[in-house]
Structure formats: structure tokens, C-alpha cells
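The structure under discussion appears below in the form of C-alpha cells.
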Amino acid sequence: MKMTIKNVLRQNRLSLSGMCNVRTAKKTLLTAAIAFVAVSANAQRIKGSDTCLPLSQQEAENYMKTVPSASVTVTGGGSGVGIAALLEGTTDIAQLSRKIKFDERQKLQGQGKTVKEVIIAYDALAVIVNPDNKVSNLTREQLEGIFTGKITNWKEVGGDDMKIVPYSRETSSGTYEFFKENVLKNRNYMNGIMSMPATGAIVQSISQTKGGIGYIGLAYLNDNVKPIHVSYDQGKTFVEPSVANAKNETYPIVRPLYYYYIGGSEATVKPFIDYVLSDAGQKTVSEIGFITVK
Amino acid sequence: MKRFKRILERIVESILTVSGAVTTVTILLIIIFLFREGLGLFRSPAVEKGYALCVNSSNTVDHLNSHQIKEIFDYEIENWAELGGRDEAIEVFRFDEIFSRYTDEELGADYELLPDKLGEVITSSPGIIAFLPTQYLPQGMQGVKVLRSDRITPADFFGGRQWIPTATPAPQFGVLPLILGTLWVSIVAILIALPLGLGVAIYLSELAGQKMRKILKPTIELLAGIPSVVYGFFGLVVLVPLVQKTFGLPVGETGFTGSLILAIMALPTIITVAEDAMRSTPRAMREASLALGATHWQTIYKVIVPYAKSGISAAVVLGIGRAIGETMAVLMVTGNAAVMPRTLFEPLRTIPATIAAELGEAPAGGAHYQALFLLGCVLFFFTLLISVSAEAISKRNFNKGL
């Protein structure tokens, strides 16, 4: 009997050592990448928000095509991770899907660093429901009621007699923070809200759940879910989430996406940031599904 | 030559000893690190570190617990009378609001006038409660009273029923829903996986032909090699709608869905271990049973299963271990709602899922970070308990034989 347990343990150990191998391989790759970055004359690292990740990656790819000597490495991890890396000096640019927090700025200032902010694009959040749901207009107050747990049935907002199932992102997401600030006016989400690890999972769940409601970046909208028209003026006008409406500032749930860098490092980061803000860079912004700065 | 060989042997031996020692020390260090970070939580203040709550000095309330603070900032409690104070409406003031009341010039270049302005705001409004960084606390102002701050206690942590780690100013770290969620999901998973796994194990060891065995066994072992995120995706796309339709639920992401996925994931472990145990029944024992006139089935459940009993128990325990620590698949299918689980057919949240989902953004060294480490300690105790019982069970068999 002991043998069998040992066998299982051995198998586990085997798979563990397999993992270690992968890890060493990754490490080698990483060191190689770092070495590569170090030798290249025009090298920079970008880290932070997962929302900005696809955009920054595409921008970096295009930028490296136009400037062959340049090398840009982009990694995600979350907005807070980006700022922490900026603080430790392990990144040149921090990409954030929210504004830098007061205490984060204080920490950087405490190290004698000033932080510079650039808005590279805007992202609109769409509130989505199941396509079978009758409701297509909601006011901000109603949304607040739904996500804080005061409104629990769709018939209270003009729909069928059906339980409302609100979906949220995990707390590590900048989207979670932004929605809480902008729509819930800093109130906490209801106790025990469903929280999903990724935007894709929210779309999937809502397309399957009749009473579901959630929020996603505009770029993730598809036909399996229905976007809600939102009103921020107590129900006088309801605005559809779309790139056009976000651009002419009639759609209210819009947030800027930021690049932060340390003052004094302009020589390294400026060429890339200028490229992102250029016409070519902003074209990529709209291709990815975000809203251009201009 | 001989001498050289001996030196070489010595060197190899010492390398082996050192590597053993290094491994042990590393594991110990990891455990110490885990506990040191985790226990730091009980030294953290209930209000976010570096911040304090201030009220107007005419206010009679001078102490609030963390739950009351949360309710105030959620606008659930709107009058000081509910907290034992005067009948006065509560005005909530967050630090950021100061920037909309005063321009940057009025606050000074380095915010040196900020404390005075904050003081003015607090003094001018009797019902105010202000959430401010301690750095800018208006010091020595007449009209300002700083509320005494609690520390987070073990009772808050282990007995709390609300897990809202990002609530400002008073995060809620009640782990009861998470612990219960983990236990429910794992136990039900085992209840599903055990009969199924045992059935397959009996079939494989006693009933299946040589050819069938050769196909089935590797296939089952293959199941153990599928990455858990793939199981999670399968669960999200296939099991979630299935559970929702079958039971007519408003949501398909439930504890039961998690149990189903975990049961599937624990099956290979249970089958492999239980089957090995049954096959190790001595041939003499089977033949004796058959010679006494017992049928094949009687032999299985009167002789083989009792003989392999402790092996089967070990299979169960290892299966539970797999279920309790599983992260990714559960994260994707249980809905992750941190509520006290009342039925299995509601969303719930497990400990590993919480750690995986939240550690990325928890500021290092903060209360949230420490709370997640402490959750890791809780999980560590669970798995420790399981390994110890696995060890005990396998030992019992060894001594007793049959």
C-alpha cells in the first residue's frame, strides 16, 4: 500500500520537475530577452493594465517595424502592478486603465521621482444583458441599485419577473475600480456579487444566463449579448454604447487609458509615445476597438 | 586509484546530503514566510493603513467598528443616532473631494495648506465623517476629532461573514464564506467521484480483459495530464449551461458545477490508487475464496475490497487533497460570489480561487495582501491534515495486514 502512495508522490514529483524544466527554459528565454533589450540602442519596457495590453502590443509591433533598431517589451499584470514596477524601476512606462492614485503618486514623490502622464486612448464600458432580456434602457441610478444589490428583480426596471444576476470583474481589474467609481459612485458592490476572472468569461456567462447583467470594454461587444442604453440624466436621454457616441462625449461611461513614466526619462520613452499619439498610432487605437485621443 | 575513488564517493555523498538539507530548509523557510506574512494581518489597523477617520469635535461618537464604517461609507447608515450619537445626518467626505472644493493654488504648491483646508471642512460641518491620509491630518485643530482605530482581530477574520477586501475605508476580511465554500465544493466532489472511481477501479482490476485494461488505464491517466484551465473552459461552456437547464436555476455557475468539475479531475487519482491496492490482493486469497465456492462478485466485495480498504481510503484522501487545492477550474465555474453558502445550487467562492484572483493587484505588505497569505495558511492546514491522515491510513494497513 505504501508503495502506491509513494508511486503517486513520485508521479507528482516527476511532473513538478517537468514544470521546473519549463520554468528554467522560460527563465533562459527571459534572460535572453533582457540581454537583447540591453544591447539594443532604443529599448524600453512597458508594464501594467491588461486592458491596455493588446493595444500596447500592437503599437509596439508596428513601431518596431517602422524603427528597426527599437525594441519594446510589453507585459500585463494589472494597473497596480505597472505602478509598482515603475516604483522599483523595472519598467520604463506603466500602462494604466485608471488614473494614478494619490498615495501611489506620493510614494513616487517620496523617492524623489516626478511622474508624467499621457493619455493614449479612451475606452468605453458597455453594460450588457442577455439578448432575450426585454430591458434595453437603464439609468445610472438603476445600475447602481442593481450592482449594489438594492434592485434584485428585472420587473422593478420594466422587464420580466426574473431574478437579476449581476456579474463583476475580479478586484484586481482596473475595470472593476473604474465601474465602481463612475457608476456606483464609490459604493461597494453587493456582498457576494459573481466575479469573473476575465472579460471573455463575463460575455460567455451572460450569453448563457437569462437574468445576467455585466460590464465589459466596448471592444468585446458581440452578437451573443445585448448592450444597454445608459442614461446619466435621470432618464431623459438614453445613449447607446458605440465608438461614435463615446467620441462625441454623449456616452458617459468612458475612461482614459494612460501611460505613466518618470520625469527625466523622456529621451528613452518619448519616441515611442510620440509614435502612439501619431496618426499611424491612433489608427491602431481604433482598429483595436478603443477611441482615439483626437 | 582506490583512494581517489573513495574521495569521489565522499564528494558525491556530501553533495547528496547538502541537497537534502537545502530542500528541507527551503520548505521550512517557505512555511515561515507564509505564516509571518499572514499573521501580520492582526497588526494591521481596521481602517486602511496610512489613513484615519475624522469627525467634528462636537460629535459624541468616538469609536466605530469596521462593519459600521463600511455601512456608513455605503450610505446604509445615514444618521449618527443609529450609532449612539446625536440625531444628525451623516455627511460622508472622501479625501479626493477636497480637490473639487479647492483649486490647486489654494492648497499650496506642495499641498502645505491641505491640512488647514481639511480642518476647515470638518469644522464647518457637524455631521461629517472624513476619510483622510494621516500625512495630511489637520493637527491640533479645535473642531476636529480623530477616531480611535481598531486592529483586525482573529475573530473578525475567522468569524466574519463578509469578504470585501477592496471596501474603502474599512475592508472586510471575513473568511467564513470562503472556508465553507471550499469545504462544500470539495466534499460534494468526493461524494460524486468516490462511487464512480471505485466502480472503475473494480472493473479495471477484476472484470476488464487484458486488452481493455491496456486501452483504459493510459486513457484515465491521460485525464490527469489535462491542464486545469482546460477543464475550467470545458466546465464554463458545457457544464454551466447543462446544470442551469437541468435544475432550472437562474445561474449555472454554482457550487455544484464546481463539484462536478472537481470530481472529474479527482477521478484519475482515485482510480489509479484504488486499482493498485486491489490488484495487490494476493492471488492465494482470491483462489481460496473461489475454492470455497464464492462467486466472482462475492470474492470482490467480501475479500478484495476489504483487503484493499486502506488503499481505497488513501485514494479518497488524495482525491480530497486534489479537490481542495484546485484553483483555476473552480475559479471559472463557481461564480466566485463570496456569500455564506446556503445551498449547493448557488454561486460560491473557494480559498484557492480567491488567492489566485486577488493576489495580483493586492499592494505588497498591505492588509489585503496579508489576509491572502493568511488564507494560504488556512489552506496549508487543510492539506497538512489530509496528508497526515493519508500517512496514518497507509501505516495502519502495513501493520495489520489482513
Side-chain angles (χ1 to χ4, degrees), chain A residues 1-9 11-12 15 50 76-81 83-84 101-104 106 109 148 162-174 176-177 180-181 184-198 200-201 204-205 207-212, chain B residues 50 70 73-75 94-96 133 135 161-168 172 177 224-225 236-237 240-241 244 250-253 269 272-273 276-277 280 308 310-311 314-315 318 331-332 335-340 347 349 353 356-364 368 390-391 394-395 397-398:
Chain A
M1 190 51 252
K2 204 150 198 191
M3 276 311 292
T4 53
I5 288 183
K6 266 199 188 137
N7 269 338
V8 171
L9 287 179
Q11 272 170 17
N12 279 344
S15 64
D50 289 322
S79 299
V81 175
I83 284 291
K101 284 182 188 161
F102 182 78
D103 45 337
E104 288 169 340
Q106 288 292 316
Q109 272 173 1
T148 52
M162 183 166 57
K163 197 180 163 221
I164 298 182
V165 186
Y167 285 84
S168 162
R169 285 291 306 281
E170 277 296 346
T171 53
S172 60
S173 139
Y176 168 99
E177 294 269 344
K180 181 173 157 186
E181 262 165 45
L184 307 189
K185 297 291 168 225
N186 278 318
R187 283 172 173 78
N188 284 309
Y189 290 92
M190 64 190 263
N191 186 22
I193 193 163
M194 311 271 282
S195 46
M196 306 306 278
Q204 177 71 32
S205 294
S207 68
Q208 292 167 356
T209 309
K210 288 261 182 308
Chain B
K70 185 205 150 237
F73 279 81
D74 272 353
Y75 307 94
R94 286 168 207 271
F95 178 63
D96 287 346
Q135 195 185 351
R161 287 158 177 254
Q162 283 193 327
W163 176 263
I164 312 176
T166 50
T168 41
Q172 305 290 309
L236 187 60
V237 178
V240 167
Q244 185 182 1
V251 263
E253 287 101 341
T269 319
T272 322
V273 177
D276 275 357
S280 67
S310 55
L318 286 171
L331 182 65
M332 293 175 84
N336 300 319
V339 274
M340 295 292 284
R349 192 177 181 96
E358 293 177 5
L359 195 61
E361 193 82 347
H368 186 192
E391 187 74 7
S394 65
K395 226 177 222 155
N397 173 58
F398 210 67

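Every chain is numbered from 1 and lettered A, B, ... according to where its sequence line falls, protein lines coming before strand lines. Heavy atoms only: backbone and side chains are in, while hydrogens, waters and symmetry mates are out.
With respect to chain B, the highest number of heavy-atom pairs below 4.5 Å among A/N186, A/I83, A/T148 belongs to A/N186. With chain A as the partner, the residue from B/W163, B/F73, B/F95 showing the most heavy-atom pairs under 4.5 Å is B/F95. Here A/P197 is the residue among A/A84, A/P197, A/G211 with the most heavy-atom pairs under 4.5 Å with chain B. Of the listed residues (A/K185, A/K163, A/Q204), the one with the most heavy-atom contacts under 4.5 Å to chain B is A/Q204.
A/Q208 is not listed as a side-chain neighbour of B/V251, based on a closest heavy-atom distance of 4.5 Å or more.
Using a 4.5 Å cut-off between heavy atoms, A/S168 makes no contact with chain B at all. Using a 4.5 Å cut-off between heavy atoms, B/Q244 contacts chain A through its side chain alone, with no backbone atom that close. For B/R94, the part sitting under 4.5 Å from any heavy atom of chain A is the side chain, from C-beta outward, and nothing else.
Remark: the backbone N or O of B/Q162 is not paired with any side-chain donor or acceptor of A/N191 at under 3.5 angstrom.
Distance check: B/D74 CG to A/M190 CE gives 12.5 Å after rounding to the nearest 0.5 Å. Rounded to the nearest 0.5 angstrom, A/M196 CE and B/M332 CE are separated by 8.0 Å. For the atom pair CZ (B/R349) and CG (B/L331), the distance works out to 8.0 Å, reported to the nearest 0.5 Å.
Remark: the A/Y189 side chain and the A/S195 side chain contain no N/O donor-acceptor pair separated by less than 3.5 Å.
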